[in-house]
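I have placed the structure first, in the form of structure tokens, so that the comments after it can refer back to it.
Here is how names work: the chains are called A, B, and so on, in the same order as the sequence lines, proteins then strands, and each is numbered from 1. No hydrogens, no waters, no symmetry mates; every other heavy atom, side chains included, goes into these values.
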Amino acid sequence: MAVAVDSAQQHAVLVRDTVVVAAGGITQVAEAMQRLEQAVDDPPRWVWWKATDIRPLREAGVWLRRSWDVREAHRLIAGGLHAEPDLIWAIAHGLDPTTRPARRTGDLFDLDDDDPAPVRSDGYLAPAALDPEWLRGEDRLCTWARLALEAAALQQGLLQARPHGLPTAAAESGAALLCVELEQHGLPIDRRRMEQLIEAAAGPRPLTDADAATSRAARDASVLQRAPGFERTDLRNPAEVKRMLHGVGVRVDDTRAHHLEPYRRTHPVVDALLDWRKAERIATTYGWSWLERHVGADDRLRGSWTACDGGAGRMTAGAGLHSLPTPMRDAVAAAPGHLLVRADLGQVEPRVLAVVSGDQGLARATIADDLYAEVAQQLSVDRQTAKIAVLAAMYGQTTGPAAGALERMERSYPAAMQFLRDAAASGERGSAVTTYGGRLIPVSPATEPAAQRAQGRFTRNAVVQGAAAELFKAWALTARDALHPLDGLIVLCLHDELLVHVPRAHADAAAHAVHEALQAAAHHWSEGAPVRFVADIRIIERWSQAKD
DNA sequence: GATTTCACGTA
DNA sequence: CGTACGTGAAATCC
């Protein structure tokens, strides 16, 4: 069943095969969809070009479980982020995408007849059909929906040939719909607390540009007054900062925070500078203008979401949702009458590696709550060394304290290490890799040896990071369904962490549902592999209460 | 004015 | 010379 929406005209259609199941206003079609969704135990698989198309229907309250998102399926098939309908169409039909007709440019050469066919005689999608103007009217909307059905059917054929391709496409489609919901609901914010935090770092809310300049100068002064003779240093210019530090006797080549940290006690200006950097980050990226732009009158922080990035396939978020400084998480708080359920996966990447590589020894280690402690025992090293070695294997690190432990890893976990070596070798020679779930990860050819090694590290990591993203999405979507009857909504996805907003009365049930969802999703996703996944799940009022 | 580089927040 | 992303300011390139 395909859905197409003309958001400008607030019009939508539902099409099955050649039958127009429903057509009309958003509200009317939304009701028809909800009836179809609830009528049977086995709900329809809704097909659309992209999830954002159906935002008006979602805003009308429709709750859908299964979908086939043609754009997300394409991203699995072809890799990367580029996914315009003409490209999707060409790939689905096995046509050479490089010879598809040029996009319309809006100039005099766009002379098409009044009723251009959306598909050309050579099989490519007609450029005219990509124009939003083309989509006016119910007939065109139905045609567009049927094209989505055709593309989806061909994509299913392509993905059937990849192990796990179909369930992954379903999960990616669901993730894209979840992204629409994340954008819609937003992250609940305690505005007064957020204002306190911003004021502490950036000064009071400026009413004029002069106010902003005064706050900025005051911040700078806290550093500059500790650097006699260098009061005119531009703290935002790394070269000048280096000159200032040299001037006061701090000999560093690199002024980045992690490099400067050991010198905090060496000279007060270093201490002041590092504090300044934290405050400056909040003042510039998470300051008053950020609050104004991204936190709505309903005290919800909203950013744009994508179901996958252009690399391994993790979710991305805008408006700083994925990089909110830890102190500011104190202002992420449940709305009145609600609570947050925070759940984060423990040591997810090595556990995922155990599944995707089929390494029996590593699988045995996942039985422990603390996988690194188990690996440490196996390798006869301390826990910290074991942790560094495991991460180094997945990231492609070759130097540092892990070097010796990596050799022991080869003996204890040969399948996992071979899996990673194969992935790296593929990237180094410029060959694409495919994730456990079937996502193609293209690699651009490189000739420089250093660039080739970098590609190897990228693919080595991508097969783990990408598979972890696939497991995460399967978990999130299973949880989404289970939370729906509890009025619980997922409000944040952060790679291995879920934040759920739920009425107080249902918080215990929601926490339980999130736990059960992980067990069910992991079992399905791994096809019953003997690998254990664990999550730390807590009921909290503020995001900051989560970490130990 | 648009693009690139650096730095730094998160996982 | 360990991966990825998004963001903003300054530098750089037209």
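In this model, the phosphate group of C:dA11 is approached by a side-chain N or O of A:Asn237 to a distance below 4.0 Å at OP1 or OP2. In this model, the phosphate group of C:dT3 is approached by a side-chain N or O of A:Arg457 to a distance below 4.0 Å at OP1 or OP2. Distances shown here put a side-chain N or O of A:Arg329 below 4.0 Å from the OP1 or OP2 atom of B:dA11.
Atom CG of A:Asp271 and atom OH of A:Tyr263 lie 15.5 Å apart (nearest 0.5 Å). With values rounded to the nearest 0.5 angstrom, A:Leu235 atom CG is found 8.5 Å from A:Arg277 atom CZ.
When rounded to the nearest whole Å, the span between CG of A:Asp254 and C1' of B:dA7 equals 10 Å. Atom pair A:Leu235:CG and B:dA7:P shows a separation of 14 Å (rounding to whole Å applied). We find that NE2 of A:His259 is positioned 12 Å from P of B:dC8, with the value rounded to whole Å. Atom CG of A:Asp496 is separated from atom P of B:dA11 by 8 Å (rounded to the nearest Å). If you take CG of A:Asp309 and C1' of C:dC5, they are 7 Å apart, rounded to a whole angstrom. Atom CD of A:Gln455 is separated from atom P of C:dC1 by 13 Å (rounded to the nearest Å). At whole-Å resolution of the value, CZ in A:Arg351 and C1' in B:dA11 are 17 Å apart. The separation between A:Met315 atom CE and C:dG6 atom C1' is 15 Å, rounded to whole Å.
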Just distance, no hydrogens or angles: give the donor-acceptor pairs under 3.5 Å from side chains in residues 437-447 of chain A, sequence neighbours left out.
unit_1: A:Arg439; atom_1: NH2; unit_2: A:Glu172; atom_2: OE1; d: 3.0
unit_1: A:Ser444; atom_1: OG; unit_2: A:Gln455; atom_2: NE2; d: 3.3

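No more than 12 heavy atoms of other residues, nucleotides or ligands sit less than 6.0 Å from atom CD of A:Gln377. The number of heavy atoms from other shown groups lying within 6.0 Å of CD (A:Glu448) does not exceed 12.
Using a 4.5 Å heavy-atom threshold, the side chains of A:Asp370 and A:Lys387 count as separate.
Ring centers of A:Trp475 and A:Phe533: at least 6.0 Å apart, outside the cut-off. For A:Phe472 and A:His495, the ring centers are positioned 6.0 Å apart or more.
A:Gly396 comes within 4.0 angstrom of no nucleic acid atom, judged by non-hydrogen atoms across all strands. Heavy atoms of A:Ala319 sit under 4.0 angstrom from primed sugar atoms or phosphate atoms, though from no base atom. Contacts of A:Arg256 with the nucleic acid, taken as non-hydrogen atoms under 4.0 Å apart, involve only primed sugar atoms and P, OP1 or OP2. Nucleic acid contact class of A:Ala450 (heavy atoms, under 4.0 Å, all strands): none.
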Derivation and outcome, salt bridge (Lys or Arg N to Asp or Glu O under 4.0 Å), residues A:Arg453 and A:Glu428: CA-CA 6 Å; A:Arg453 285 195 296 276; A:Glu428 282 180 17; over 6 Å; no
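Residues of residues 277-290 of chain A having a heavy atom closer than 4.0 Å to DNA chain B, listed by number: A:Arg277, A:Lys278, A:Arg281. Of the residues in residues 321-328 of chain A, those with a non-hydrogen atom less than 4.0 angstrom from any atom of DNA chain B are A:His322, A:Ser323, A:Leu324, A:Pro325, A:Thr326.
For the C1' atom pair drawn from B:dT4 and C:dG2, the interatomic distance equals 24 Å after rounding to whole Å.
Which of C:dC5, B:dA11, C:dT3 sits closest to the side chain of A:Asn461 comes down to C:dT3. Candidate nucleotides B:dC8, C:dC1, C:dC5 were compared by shortest atom distance to the side chain of A:Ala257, and B:dC8 ranks first. Listed candidates were B:dA11, C:dG2, C:dG6. Nearest to the side chain of A:Leu391 is C:dG2.
Taking the six-membered ring for Trp and thresholds of 30 and 60 degrees, A:His338 and A:His501 have nearly parallel ring planes, at less than 30 degrees apart.
Each of A:Glu240 and A:Gly311 has a nearest nucleotide on DNA chain C; the 5'-most of these lies closest to A:Gly311.
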